[in-house]
A.B. asks: 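The structure that follows is given in the form of structure tokens.
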Amino acid sequence: FVRLYEKGLIYRGHRIIHWCIRCHTALSDEEAVTTEGGEPGHLWYIRYPGADAGPGVVVATTRPETMLGDTGVAVHPDDERYRRLLGQCVILPLLDRPIPVIADPLVDKDFGTGAVKVTPAHDANDFEMGQRHRLPAVCIMSIEGRITEEGGPYVGLERFEARRRIVADLEARGLLVKTEAYRVPIRRCQRCDTIIEPYLSTQWFVKMAPLAEPAIEAVKSGRLRLIPDRWTGVYLHWLENIRDWCISRQLWWGHRIPVWYCDDCGKVTVARVDPSVCGECGSPRLTQDPDVLDTWFSSWLWPFSTMDWPEDTPTLRRFYPTDVLVTAADIIFFWVARMVMAGYEFMGDCPFRDVYLNSIVRDGHGRKMSKSLGNSPDPLEIIDTYGADALRFTIVSLAPIGQDVRYSVEKTEFGRNFANKIWNAARFALMNLGDAPVESWAAPPPAGKLGLPDRWILSRLQAAIADTQAALDAYRFNDAATTLYRFVWNEFCDWYVELVKGTLYGANEAAKTQVRRTLLTVLDQIMRLLHPFMPFVTEEIWQALPMQRPAASIMIAPYPQPVDAWRDAEAESAISQLIEAVTAIRNIRSELGIAPTMALKVRVAADGRGDAVRALEGFIKALARVDAVELLGDQPRPIGEPSALVAGLGEVFVPLRGVVDAAAVRERLARDLAKVDKELKGVEAKLGRPDFVERAPEEIVDKERQRAAALRDRRAVLERHLATLNAAAPATRP
RNA sequence: GGUCGCAUAGCUCAGUUGGUUAGAGCGCCUGCCUCACAUGCAGGAGGUCCGUGGUUCGAGUCCACGUGCGACCACCA
């Protein structure tokens, strides 16, 4: 305050502010809340007779009681209708006071009658007009909202009672021309919901325009980024049209304004240290300004006042400026922009580089959660029911960048289930890691030492780490959460764990050791990756892992970095073929109604990839409940049996003739054929268009050609199967 | 009045530079209490990507207009 005052940026001003008649204090714009779409009210048309007993002028108002303070009537300078009245006086009804008719461009010709009553003490626009035309400002209301002696016969009345009486009196005198229903823009006190009175008052103000300049420049130069950047426009618009800030409040709590008035000579002293005597006349009789400061006047100092400012401490030097401010968009004005202004003013630098504006949590109906609406669930209850990690992970997953979140309590099941899944995966690992400490992989072991599933999961882990990093760098926290969810659940749990069970439960100790090391490595990395999203469960599991820990807490363990040496394209393609094959067999089994307990045989026409099939054989047997995988060398492919094509591997047959109804097999084949056929038609149509072939990039056209060829092959195969089946057991005619 | 955002499966939402068959979770249907997990496992159904027009060989994606929601700003008395 003192610094700004000494720079001439703080002044005591006499102007219209928002006044709460209940809290007895001035309010800033953001504390005076606008009701959406206005509130039901009236527009009263009142005749102000001419001084010469002529018809005078009709004005429209939503607050007739303020007419007691009218000191003029304004019309637009170009409004022909009222030209003859300019410079003349009309009579203010009820008080019978002559007031002048003035011309001011602020008046909207098309609103109401085009003539507006001017009440400088009770309306911001009117105050401006009053200044311009030297109209007196007559305050007709007390700070409690009662009519003052200026209101003549209405003195002492509560404001709305006065309104009723005035309307009635006007009507009785035939001066009320008409009354319209009207939605009135109204502001209410954020604290007590009382209707705000625009009120002429002396308050302390900060001159904002000079402070705004560096804050505008910060964004324009790229020194400061708002994320998502569409908020930049909002930020700039506010700063470029900034209004002076009313910082005094007539409340009993808050920081006192450091201003003293001398009771004897009237001298104003502004000082950091409480003065004992007046610097002018030496009088000890000083009275401190009774007002306190707006809370934001201390909050805007937060980036440095929290670190011992104005002392120059190592902490302050280390952490000012900082990297990122995370906050909600609804306080860009009162807090973010002001912190930037204060940062430049008091520290000479922007307080942060990035401002990440997080989602606002809304309820299931899209309404902002708020205490006053009572639509916010109790987080402690949710945590009791679902867990803190579950809540955090759910919210993060639900919050896309730049969009608000619709949250309802049941959604927390998502995070709860995931936490449970992780917990159980960890239990599985701990049960199988053995008692002795296990060493994790520090670097990729020599070729041939690791099994396919190990190579695969370690490779996939690198992808997960890289994707998580990229998402975090871009502030796409929900993407990071989703990446980890999928890796943990769909790759690690669904496939890796299932693939290594055979080894872990088997007798090959050497192989078992390799798997254990992989299992531990991946789990350790998963916990660290997930820790920011699920701090509690990850710490708990991490501490339980039988290994040397690089830190006492996972909180300070290094965050995983992707290592290219672990990437293994060969293993990835082998396991994706395996997944495809197993899924296909399960699908056939399920669609044809084969009991899950029944073991099947499969035959694979491997197109010269017999070794690949052999490498996957054990896994196929275990995961698809198959007791034999037969390789078809040069033998003819079985015709009329259900099959699936696995890209890069070959055709997988599940011989079922005699086991299931031929009609069911035929039905399945027909469905597949229809699907293939439809797709092929689409591709062929595309390739048939000359401009596609001519103008699309070659690689795209090639891709389509290859696709068409593959589909044609597939179609031929399916047709052959069908034909054979039909010959063996012709469909019965209806 | 001005500025901005959103509209994709029954629900809640992904889909980042235009390019194979548009994805996930929940819900739904079928079958499983299989020795980490039924807060689970396996399989499946379900979409005129708000409408109209345009750009393009090609549009959920880009442009224009419209419709419906939402947010913010503003001196309509």
Side-chain angles (χ1 to χ4, degrees), chain A residues 34 38 43 59-63 66 74 106-108 110-113 115-119 123-126 128-129 182 184-185 228 230-231 233-234 237-238 241 329-330 332-333 360 362 364 366 368 386 390 394 397-398 400-408 410-411 413-432 470-471 474 476 478-479 482 485-486 490 493-494 497-498 501 505 582-583 586-591 593-597 623-625 675-676 678-679 682-683 686 689-697 699-701 703-704 706-707 711:
Chain A
T34 315
L43 194 55
V59 299
T61 181
T62 56
R63 294 189 297 151
T66 61
L106 209 55
V107 179
D108 178 358
D110 301 322
F111 187 90
T113 61
V116 59
K117 57 194 246 5
V118 182
T119 322
D123 183 276
N125 287 327
D126 292 8
E128 256 183 62
M129 288 195 277
Y182 187 70
V184 185
R230 65 187 167 86
W231 292 108
V234 175
H237 183 263
W238 187 75
N241 298 282
D330 55 358
I332 286 178
F333 305 142
I360 291 176
R362 298 178 178 278
K368 196 158 140 184
Y386 297 101
T394 302
S397 307
L398 244 36
I401 189 163
Q403 289 302 124
D404 289 348
V405 183
R406 278 193 187 205
Y407 174 78
S408 55
E410 318 80 66
K411 288 185 176 178
E413 285 176 20
F414 174 73
R416 192 257 332 248
N417 294 354
F418 186 46
N420 188 250
K421 188 72 179 176
I422 293 167
W423 184 252
N424 281 302
R427 267 183 55 208
F428 169 84
L430 291 173
M431 286 167 67
N432 287 285
R476 302 176 68 99
N478 63 321
D479 278 0
T482 305
Y485 180 93
R486 295 208 175 129
N490 303 127
C493 292
D494 287 351
V497 165
E498 296 304 323
K501 274 181 179 172
Y505 296 157
V582 169
T583 305
R586 284 172 177 169
N587 174 292
I588 289 169
R589 181 196 278 282
S590 169
E591 281 190 12
I594 313 288
T597 45
L623 298 189
R625 209 170 275 237
K675 234 157 103 184
V676 169
K678 187 181 161 206
E679 206 182 323
V683 180
K686 202 174 196 177
R689 282 200 311 270
D691 41 5
F692 172 69
V693 182
E694 282 160 27
R695 310 184 70 157
E699 69 209 63
I700 300 287
V701 179
K703 245 191 213 166
E704 292 297 314
Q706 282 167 25
R707 210 177 128 213
L711 285 166

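Any value given below was found using the heavy atoms of this structure, including those in side chains, with hydrogens, waters and symmetry copies removed. Residue numbers begin at 1 in each chain, while the letters A, B, ... track the order of the sequences.
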A.B. asks: Side-chain N or O of A:Arg486 versus OP1/OP2 of B:G25: is the shortest distance under 4.0 Å?
C.D. replies: no
A.B. asks: How is A:Phe111 classified with respect to the nucleic acid when contacts are heavy atoms under 4.0 Å: base, sugar-phosphate, or nothing?
C.D. replies: base
A.B. asks: Between A:Tyr407 and B:U12, is there a contact of a side-chain N or O with OP1 or OP2 at under 4.0 Å?
C.D. replies: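 Checking A:Tyr407 against B:U12: no side-chain N or O falls below 4.0 Å of OP1 or OP2.
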A.B. asks: Indicate yes or no: at least one non-hydrogen side-chain atom of A:Ile332 is less than 4.5 angstrom from one of A:Trp231.
C.D. replies: yes
A.B. asks: Please work out if A:Thr583 contacts a base, only the sugar-phosphate, or nothing of the nucleic acid, heavy-atom cut-off 4.0 Å.
C.D. replies: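 The answer is sugar-phosphate, as A:Thr583 gets under 4.0 Å only of primed atoms, P, OP1 or OP2.
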A.B. asks: Would you measure the distance from the C1' atom in B:U8 across to the matching atom in B:G51 and give it in whole Å?
C.D. replies: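 Between the two C1' atoms, the distance is 15 Å.
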A.B. asks: Which nucleotide, B:G19, B:C41, B:G44, lies nearest any side-chain atom of A:Asp494?
C.D. replies: B:C41
A.B. asks: Regarding A:Asp108, tell me which of base, sugar-phosphate or nothing describes its non-hydrogen contacts under 4.0 Å with the strands shown.
C.D. replies: base
A.B. asks: Name the closest nucleotide to the A:Arg695 side chain, picking from B:U39, B:A14, B:U56.
C.D. replies: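 The listed nucleotide nearest to A:Arg695's side chain is B:U56.
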A.B. asks: Give A:Glu413 one of three labels, base, sugar-phosphate or nothing, depending on what nucleic acid heavy atoms sit under 4.0 Å from its own.
C.D. replies: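 Result for A:Glu413 = nothing.
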A.B. asks: Look at the side chain of A:Glu498 against the base of B:A36 and say whether a donor-acceptor pair falls under 3.5 Å; ignore hydrogens and angles.
C.D. replies: yes
A.B. asks: With heavy atoms under 4.0 Å as the rule, sort A:Val497 into base, sugar-phosphate or nothing.
C.D. replies: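 Answer is base: heavy atoms of A:Val497 come under 4.0 Å of a base.
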A.B. asks: Distance between the P atoms of B:A45 and B:G10, in whole angstroms?
C.D. replies: 15 Å
A.B. asks: Has A:Asn420 got a side-chain N or O lying under 4.0 Å from the OP1 or OP2 atom of B:G40?
C.D. replies: no
A.B. asks: Of the nucleotides B:G43, B:G19, B:C76, which one has an atom closest to the side chain of A:Ser590?
C.D. replies: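 In terms of side-chain proximity for A:Ser590, the closest of B:G43, B:G19, B:C76 is B:G43.
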A.B. asks: Considering only atom C1', compute the distance from B:C13 to B:A22 and round it to an integer number of Å.
C.D. replies: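 B:C13 and B:A22 have their C1' atoms separated by 14 Å.
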A.B. asks: With heavy atoms under 4.0 Å as the rule, sort A:Arg586 into base, sugar-phosphate or nothing.
C.D. replies: sugar-phosphate
A.B. asks: What's the gap between B:A71 and B:A64 when it is taken at their C1' atoms, as a whole Å value?
C.D. replies: 24 Å
A.B. asks: Taking atom types as they are modelled, is there a donor-acceptor pair under 3.5 Å from the base of B:U12 to the side chain of A:Arg406?
C.D. replies: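 Side chain to base: no pair present.
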A.B. asks: Where the side chain of A:Glu679 is concerned, which of B:G25, B:A36, B:U20 is the nearest nucleotide?
C.D. replies: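 Nearest nucleotide to the side chain: B:U20.
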A.B. asks: Sort out the partner of B:A24 for me: Watson-Crick or G-U wobble, both distances under 3.5 Å, none otherwise.
C.D. replies: B:U12
A.B. asks: Taking atom C1' in both B:C49 and B:G44, compute the distance separating them and give it to the nearest angstrom.
C.D. replies: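 So the two C1' atoms sit 23 Å from each other.
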A.B. asks: What nucleic acid atoms does A:Lys421 come within less than 4.0 Å of, heavy atoms only: base, sugar-phosphate, or nothing?
C.D. replies: base
A.B. asks: Under 4.0 Å between any heavy atoms, over every strand shown, what does A:Tyr505 touch: base, sugar-phosphate, or nothing? Just pick one.
C.D. replies: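 Sugar-phosphate contact only - A:Tyr505 comes under 4.0 Å of backbone atoms but never of a base.
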A.B. asks: Hey, does the side chain of A:Lys421 reach the backbone of A:Tyr485 with a donor-acceptor pair shorter than 3.5 angstrom?
C.D. replies: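 No; judged by distance alone, with no hydrogens or angles, the pair does not exist.
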A.B. asks: Does a nitrogen or oxygen in the side chain of A:Lys501 sit under 4.0 Å from OP1 or OP2 of B:A36?
C.D. replies: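 Looking at the OP1 and OP2 atoms of B:A36, one of them is under 4.0 Å from a side-chain N or O of A:Lys501.
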A.B. asks: Pick base, sugar-phosphate or nothing for A:Ala124, based on heavy-atom distances below 4.0 Å to the nucleic acid.
C.D. replies: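 Nothing, no nucleic acid heavy atom in range.
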A.B. asks: So, is A:Arg427 near the phosphate of B:A36, with a side-chain N or O under 4.0 Å from OP1 or OP2?
C.D. replies: no
A.B. asks: Please tell me which of the listed nucleotides, B:U12, B:U39, B:C57, lies nearest to the side chain of A:Lys411?
C.D. replies: B:U12
A.B. asks: With sugar-phosphate meaning primed atoms plus P, OP1 and OP2, does A:Val701 contact a base, only sugar-phosphate, or nothing at under 4.0 Å between heavy atoms?
C.D. replies: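 Answer is nothing: A:Val701 stays at 4.0 Å or more from every strand.
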A.B. asks: Looking at A:Phe428, is its backbone amide N or carbonyl O close enough to the side chain of A:Asn432 to form a donor-acceptor pair, meaning the two atoms are under 3.5 Å apart?
C.D. replies: yes
A.B. asks: Do any N or O atoms from the side chain of A:Asn420 and from the backbone of A:Arg416 form a donor-acceptor pair under 3.5 angstrom?
C.D. replies: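 Not a single qualifying donor-acceptor pair exists.
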A.B. asks: Check every strand shown and say whether A:Phe333 touches a base, only sugar-phosphate, or nothing at a heavy-atom separation below 4.0 Å.
C.D. replies: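 Contact class for A:Phe333: sugar-phosphate only.
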A.B. asks: Side chain of A:Arg476: nearest nucleotide among B:C75, B:U16, B:G19?
C.D. replies: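 It is B:U16.
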A.B. asks: Could you work out which one of B:A77, B:G5, B:G25 sits closest to the side chain of A:Arg230?
C.D. replies: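 For the A:Arg230 side chain, the nearest candidate turns out to be B:G5.
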A.B. asks: Taking only the side-chain heavy atoms of A:Pro697 (C-beta and beyond), determine which of B:G19, B:A77, B:U20 contains the nearest atom.
C.D. replies: B:G19
